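Keep in mind the model is a prediction, meaning the values are calculated, not measured.
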Amino acid sequence: RATATTAVPLTRSDADRLEANLSRRLGREVRLHNQVDRAIIGGLVLRMGDRVIDASVATRLQQLRHHLVVGV
């Protein structure tokens, strides 16, 4: 089971496409649970077991802020 955290609820068709894509990539069936957290602004945070893929707008903005303040 995987959890997708999004800023707005996923439509059933979006959730179905995401499940199919993940299942194909991982070679096993993935069932998706969606939770909403408006603080991520956009994008999604995907959790599968101990793996986390953070493609949220909030994290991207935080990374940009860090690069602007600290430099590359």
Calculate, to the nearest 0.5 Å, the distance between atoms [atom1] and [atom2] belonging to [X] and [Y] respectively.
X: Leu18; Y: Asn34; atom1: CG; atom2: CG; value: 9.0 Å
X: Thr59; Y: Asp54; atom1: OG1; atom2: CG; value: 3.0 Å
X: Leu46; Y: Leu32; atom1: CG; atom2: CG; value: 7.0 Å
X: Glu29; Y: Leu22; atom1: CD; atom2: CG; value: 12.0 Å
X: Leu61; Y: His66; atom1: CG; atom2: NE2; value: 14.5 Å

Looking only at heavy atoms, which two atoms of [X] and [Y] are closest? And how far apart?
X: Gly43; Y: Val57; value: N-CG2, 4.2 Å
X: Ala58; Y: Ala39; value: CB-O, 3.6 Å
X: Ser56; Y: Val45; value: CB-CG2, 4.0 Å
X: Gly42; Y: Ala7; value: N-CB, 3.9 Å

Are Val30 and Arg1 close enough, and set up right, to give a side-chain contact (heavy atoms from CB on, under 4.5 Å), and what steps lead you there? CA-CA 6 Å; Val30 173; Arg1 182 172 171 162; over 6 Å; no
Sequence-distant partners of Ser13, side-chain hydrogen bond (donor to acceptor under 3.5 Å, both in side chains), two or more places apart: Thr11
Restricting to side chain to side chain contact (heavy atoms under 4.5 Å, CB included), what partner residues turn up for Gln35, sequence neighbours left out? Thr3, Thr5, His33
Side chains of Met48 and Ile53, heavy atoms from C-beta outward: is any pair under 4.5 Å? yes
Using a 6.0 Å cut-off, check whether atom CZ of Arg12 has over 12 heavy atoms from anything other than its own residue. yes
Scan side-chain atoms only and decide if Asn21 and Arg25 contain a donor-acceptor pair under the 3.5 Å cut-off. yes
